[in-house]
Amino acid sequence: MQEPHEQIRHRGREQEQVRQQRRYQPFYCEENIWWLCAEPPLGVHIELVIFVASLSGICPIAEQQAGAADGVAWWDYHCIALDQKRRIWDLDTQLPQPVAARIWIAHSFPQAAAWPAPLRPLFRLVPSADYLRDFSSDRRHMRDAAGHWLQPPPPWPCIGVGDSADAKASTRTDTKGDLRYYRDLSASDGPGIVIDLDAFLAIYCADEGAVHGPRIT
């Protein structure tokens, strides 16, 4: 039987292998998940793309690779996916990959019940097929006022703006496919539906025998 520290090291190696097998760029979670939907592992069907945020504009999520010493990252938003087995694919987590939704929630938001309402996570649920078809980003949110990158961009072209990786390229900013419509969870007319933590727990973290969540159109 492995000792605890050996288990941690083994988990770290597995996580790195998962990232090497996927298209992955730190701080570009929405694009990483788009590619996960486009190129899923064998036998995996991604059902939902999930944007996680709060009404305060900042949402603490634990067990994150980019987190502080306590593992908590204070994201303005985060993007993950849910597959047909109710497993979460979070390419930035320190948890196993993928992991049961109930485990991801328990470890990512261990104190959420005690948080003030504006900090509590909300979840925008979007069918993966819709996300693949509609999502677009010119990455302008990752540039400062002078146009410099806040974080190095992915090596692949921008999604939904043709074949150009140029941040000035034309994008579908007049449609609901633009990134801002996904990350703003206060917008009632955005893609998919928005639910709170209690609803997410009831729908996707119940016993395996429970019925699946509502159809999202």
Side-chain angles (χ1 to χ4, degrees), residues 18 22 29-30 32-38 40-41 43-64 72-135 176-177 179-217:
V18 167
R22 308 262 68 78
C29 55
E30 66 280 352
N32 297 332
I33 293 299
W34 189 93
W35 282 107
L36 178 66
C37 293
V44 172
H45 171 64
I46 302 299
E47 290 191 350
L48 293 175
V49 172
I50 303 171
F51 277 78
V52 187
S54 75
L55 294 179
S56 70
I58 192 164
C59 186
I61 305 180
E63 298 280 2
Q64 293 287 293
V72 176
W74 292 76
W75 298 119
D76 49 352
Y77 68 95
H78 191 40
C79 185
I80 59 175
L82 182 87
D83 68 17
Q84 79 278 20
K85 296 181 180 179
R86 291 190 181 180
R87 299 179 302 181
I88 292 292
W89 292 78
D90 177 358
L91 301 186
D92 297 287
T93 188
Q94 300 181 55
L95 297 170
Q97 191 73 243
V99 65
R102 57 183 175 78
I103 294 176
W104 185 84
I105 288 288
H107 285 266
S108 298
F109 305 106
Q111 306 295 329
W115 295 346
L119 268 183
R120 293 174 192 161
L122 296 172
F123 305 86
R124 181 180 295 282
L125 313 178
V126 182
S128 60
D130 293 355
Y131 191 66
L132 274 173
R133 182 191 65 225
D134 298 332
F135 173 75
K176 294 296 189 295
L179 172 61
R180 69 180 184 270
Y181 291 104
Y182 293 92
R183 59 185 290 190
D184 181 7
L185 272 65
S186 66
S188 60
D189 61 343
I193 63 171
V194 175
I195 62 175
D196 62 16
L197 180 58
D198 289 340
F200 191 93
L201 288 168
I203 297 169
Y204 299 106
C205 302
D207 294 338
E208 291 297 322
V211 295
H212 282 271
R215 180 175 178 83
I216 301 169
T217 57

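Starting from 1, each residue takes its place in the sequence as its number.
- Between V99 and P96, the closest heavy-atom pair is CB-O, 3.4 Å.
- In this structure, the side chains of V49 and C37 come closer than 4.5 Å at one or more pairs of heavy atoms.
- Evaluation of the side chain to side chain donor-acceptor pair (under 3.5 Å) rule for W75 yields Q64 as partners, not counting sequence neighbours.
- Aromatic rings from Y131 and Y182 are positioned such that their centres are separated by under 6.0 Å.
- The side chain to side chain contact (heavy atoms under 4.5 Å, CB included) check on A81 picks up I33, L36, I46, W89, with sequence neighbours excluded.
- In terms of the side chain to side chain contact (heavy atoms under 4.5 Å, CB included) criterion, residue partners of S56 (sequence neighbours excluded) are, by chain and number, S54, I58, P118, L119.
- The backbone N or O of L55 sits nowhere less than 3.5 Å from a side-chain atom of S186 that would complete a donor-acceptor pair.
- For R87, the salt bridge (charged side-chain N to carboxylate O under 4.0 Å, His left out) test picks out D83, with sequence neighbours left out.
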Checklist entry - Can you check side chain to side chain contact (heavy atoms under 4.5 Å, CB included) on W34 and C79, steps first, answer last? => result CA-CA 10 Å; W34 189 93; C79 185; over 6 Å; no
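- Residue pairs meeting the side chain to side chain donor-acceptor pair (under 3.5 Å) criterion with at least one member in residues 103-120, sequence neighbours excluded: D90-W104, W104-S108.
- Judged by distance alone, the side chain of E47 and the main-chain N or O of R86 form no donor-acceptor pair under 3.5 Å.
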Give every donor-acceptor pair under 3.5 Å between a side-chain atom in residues 195-203 and any protein atom, sequence neighbours left out.
{"unit_1": "D196", "atom_1": "OD1", "unit_2": "D198", "atom_2": "N", "d": "3.3"}
{"unit_1": "D196", "atom_1": "OD1", "unit_2": "A199", "atom_2": "N", "d": "2.9"}

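- In this view, D76 and R183 satisfy the salt bridge (charged side-chain N to carboxylate O under 4.0 Å, His left out) rule, not counting sequence neighbours.
- Two residues are said to be in side-chain contact when any heavy atoms from C-beta on lie closer than 4.5 Å; V126 and L48 fail this criterion.
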Checklist entry - What do the steps show when you test I61 against V72 for side chain to side chain contact (heavy atoms under 4.5 Å, CB included), and what is the final call? => result CA-CA 5 Å; I61 305 180; V72 176; over 6 Å; no
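- Atom CD of E30 and atom CZ of F51 lie 6.0 Å apart (nearest 0.5 Å).
- Side chains of P191 and R124 form a contact here, defined as non-hydrogen atoms less than 4.5 Å apart.
- Nearest heavy atom pair, residue V52 against residue P121, reads CG1-CB, 4.1 Å.
- Contact annotation: the side chain of I80 never approaches that of F123 to less than 4.5 Å [non-hydrogen atoms, C-beta and beyond].
- We find the CD-CG distance between Q97 and D92 to be 9.0 Å, quoted to the nearest 0.5 Å.
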